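Index from 1, following the sequence. Since we're looking at a predicted model, the values are computed, not measured.
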Amino acid sequence: MSTQDRLTYLLGQALQRVATAAELQELSTLIREDASGAVTQQVESRLLQELPDNTADGYDVAYWDDVAGRILAADRPEQAEVAPRVTPLRRLRWMPAAAAAVVLLAVGAYWLWKPAAPPPAAIAAPPVQKDVAPGGNKAVLTLADGTELPLDSAASGALAQQGNTNILQPAGGQLVYNSSGNATVLQYNTLRTPRGGQFQVTLPDGTKVWLNAESALKYPVAFNGAVRQVELTGEAYFEVARHAAMPFKVTVRTGQQNDSMEVAVLGTQFNIMAYADEAVVKTTLLEGAVKVSSHGNSRQLAPGQGAQLDKQQDQLTFQPQANTEEAVAWKNGLMQLEGKDIASVMRMIARWYNVEVVFTAPVAAHFHGIIPRNVPVSQVLKILEMTGEVHFEIRDRQIIVSP
């Protein structure tokens with residue numbers, strides 16, 4: 001049997017959940033020893049052909065945890081000198097020692113859509129530890145009169161009417177404002193996402209805004225006057241409807257007392273990250289043009305560029321080549337870890353999974369790669385642990401981090 005035929009057989013066994021421990025180790029070896037990249041490309045092509053891009057709710061956590069653990073043990077002997085980096089399935093052009101484990105973990109936790117089958121006798125499933133589910137579509141809408149409306153994925157239909165504006169929830173995770181005329185009285189609504197929540201809103205002018213976890217957007221129920229003005233806390237992605245006679249401005253609350261930054265646009269797509277517990281405020285432009293201003297300093301951005309405000313130094317810096325994929329990864333259901341340290345990664349995890357993070361000691365670890373946001377936190381931590389630089393323990397909604 002040729003190497004290609006053997007690879008096809010072994011991958012099929014793994015996908016069908018009937019692979020023995022020896023077969024998993026053989027698959028691991030084939031990928032690990034793939035110096036040319038040809039085997040890697042075959043694996044990626046097979047996975048992308050047979051497994052859909054959409055994810056599903058159910059998969060056998062214990063089985064795939066055990067599979068990944070066994071391959072990881074086979075791939076990383078004690079004398080290994082180079083610790084592998086986290087890598088996504090779609091970036092398997094280079095394969096470190098534990099790449100096979102990452103492949104199979106990704107299959108089980110990210111792309112596997114089949115109902116969980118009983119694990120084969122050769123791989124006994126360990127007891128499932130306590131876990132934390134990922135965040136989802138949930139928010140609270142506060143109307144102008146102070147009324148609070150909880151929102152989630154299940155509700156749909158008309159929610160309220162304020163003046164000439166109807167507020168609708170057409171589908172899960174979305175909110176739409178339909179305005180039939182100018183407002184006689186300026187009224188503001190606030191859409192707020194908790195930890196573990198995200199939501200999308202279409203403003204009265206057609207502008208679409210995606211809110212990340214632990215964020216808030218304050219906006220009028222109808223835009224009047226010369227400027228469309230909104231206020232952001234946290235993180236959001238904007239697709240601004242073009243209206244040359246009425247510029248769109250975002251007042252960004254930086255987390256410092258009585259401090260803010262402003263982003264002004266006509267029609268464009270951009271991301272703003274301004275969490276109170278982050279040291280910097282980032283604006284990243286994808287399309288169009290924006291002007292970022294803070295304390296008399298300003299920057300005009302072109303697509304692919306960014307601006308960063310250091311809150312401690314009160315300094316606005318320019319990024320001629322910003323990482324746009326990283327900036328909007330959260331909107332696309334991913335966590336992108338381009339060189340992030342462990343503290344930054346754990347803040348992302350804490351916001352999305354609504355957990356408390358406790359460090360037992362300093363951890364000097366940095367990560368590269370992409371991890372899906374729609375899997376239980378144990379799967380995320382399992383991938384991070386593959387670096388060999390950090391370990392985790394889950395205690396209810398608390399994650400203990402240690403070297």
Between the side chains of [X] and [Y], is a donor N or O closer than 3.5 angstrom to an acceptor N or O?
{"X": "Gln229", "Y": "Tyr219", "result": "no"}
{"X": "Glu325", "Y": "Asn332", "result": "no"}
{"X": "Trp330", "Y": "Glu235", "result": "yes"}
{"X": "Tyr177", "Y": "Asn189", "result": "yes"}
{"X": "Ser378", "Y": "Asp131", "result": "yes"}
{"X": "Asp341", "Y": "Ser344", "result": "yes"}

With the side chain counted from C-beta on, respond yes when [X] and [Y] share a heavy-atom pair under 4.5 Å apart, and no when they do not.
{"X": "Phe359", "Y": "Met346", "answer": "yes"}
{"X": "Ile167", "Y": "Leu143", "answer": "yes"}
{"X": "Val358", "Y": "Gln398", "answer": "yes"}
{"X": "Val401", "Y": "Phe392", "answer": "yes"}
{"X": "Asn178", "Y": "Leu168", "answer": "yes"}
{"X": "Thr207", "Y": "Glu239", "answer": "no"}
{"X": "Val292", "Y": "Glu262", "answer": "no"}
{"X": "Val345", "Y": "Leu384", "answer": "yes"}

Looking only at heavy atoms, which two atoms of [X] and [Y] are closest? And how far apart?
{"X": "Gly288", "Y": "Pro303", "value": "O-CD, 3.3 Å"}
{"X": "Ala133", "Y": "Tyr353", "value": "O-CD2, 3.4 Å"}
{"X": "Gly163", "Y": "Gln161", "value": "O-NE2, 3.2 Å"}
{"X": "Gly339", "Y": "His366", "value": "O-CD2, 3.3 Å"}
{"X": "Ser179", "Y": "Pro204", "value": "CB-CB, 4.1 Å"}
{"X": "Val281", "Y": "Ala274", "value": "CG1-CB, 3.7 Å"}

Does the pair Arg373 and Gln198 meet the rule for a side-chain hydrogen bond (donor to acceptor under 3.5 Å, both in side chains), with working shown? CA-CA 12 Å; Arg373 296 212 317 172; Gln198 63 181 10; 3.0 Å; yes

Using only atom types and a distance under 3.5 Å, with no angle test, would you say the side chain of [X] pairs donor to acceptor with the backbone of [Y]?
{"X": "Gln305", "Y": "Thr284", "result": "no"}
{"X": "Lys331", "Y": "Leu211", "result": "no"}
{"X": "Thr193", "Y": "Phe199", "result": "no"}
{"X": "Glu231", "Y": "Thr233", "result": "no"}
{"X": "Thr317", "Y": "Gln308", "result": "yes"}
{"X": "Arg351", "Y": "Ser215", "result": "no"}
{"X": "Lys282", "Y": "Ala327", "result": "no"}

State which residues pass side-chain contact (heavy atoms from CB on, under 4.5 Å) with Pro403; sequence neighbours excluded, sorted by chain then number.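 Thr360, Ala361, Val363.
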
First locate atom [atom1] of [X], then atom [atom2] of [Y], and finally report the distance between them rounded to the nearest 0.5 Å.
{"X": "Arg299", "Y": "Leu285", "atom1": "CZ", "atom2": "CG", "result": "14.0 Å"}
{"X": "Gln319", "Y": "Thr283", "atom1": "CD", "atom2": "OG1", "result": "9.5 Å"}
{"X": "Leu309", "Y": "Ser294", "atom1": "CG", "atom2": "OG", "result": "4.5 Å"}
{"X": "Ser298", "Y": "Lys291", "atom1": "OG", "atom2": "NZ", "result": "4.5 Å"}
{"X": "Leu337", "Y": "Leu334", "atom1": "CG", "atom2": "CG", "result": "10.0 Å"}
{"X": "Leu175", "Y": "Leu141", "atom1": "CG", "atom2": "CG", "result": "5.5 Å"}

Side chain to side chain contact (heavy atoms under 4.5 Å, CB included), that's the test. Do Thr142 and Thr147 meet it? Break it down for me. CA-CA 6 Å; Thr142 303; Thr147 301; over 6 Å; no

Should Val390 and Phe367 be marked as a side chain to side chain contact (heavy atoms under 4.5 Å, CB included) after you check the CA-CA gap, both sets of side-chain angles, and the distance that decides it? CA-CA 11 Å; Val390 63; Phe367 304 92; 4.0 Å; yes

Show, in sequence, the C-alpha distance, side-chain angles and deciding distance for Val230 and Lys249, and conclude whether the side chain to side chain contact (heavy atoms under 4.5 Å, CB included) test is met. CA-CA 6 Å; Val230 301; Lys249 292 186 178 181; over 6 Å; no

Classify the ring geometry between Phe238 and Phe270 as parallel (under 30°), tilted (30 to 60°) or perpendicular (over 60°). parallel

Between [X] and [Y], does any side-chain N to carboxylate O distance fall below 4.0 Å?
{"X": "Arg228", "Y": "Asp205", "value": "yes"}
{"X": "Glu356", "Y": "Arg395", "value": "no"}
{"X": "Glu338", "Y": "Lys340", "value": "no"}

Of Val140, Leu191, Asn137, which is the lone residue that meets side-chain contact (heavy atoms from CB on, under 4.5 Å) with Leu151?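 Going through Val140, Leu191, Asn137 one by one, the side-chain contact (heavy atoms from CB on, under 4.5 Å) with Leu151 is satisfied by Leu191 alone.
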
Checking Glu278 against Met273 for the side chain to side chain contact (heavy atoms under 4.5 Å, CB included) test, could you report, in this order, the C-alpha distance in whole Å, the side-chain angles of both residues, the deciding distance, and whether it holds? CA-CA 9 Å; Glu278 297 289 346; Met273 190 278 288; 3.8 Å; yes

Would Arg347 pass as a cation-pi partner of Tyr275, given that its NZ or CZ must be under 6.0 Å from the six-membered ring centre and within 45 degrees of the axis?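 No, a cation-pi geometry is absent between Arg347 and Tyr275.
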
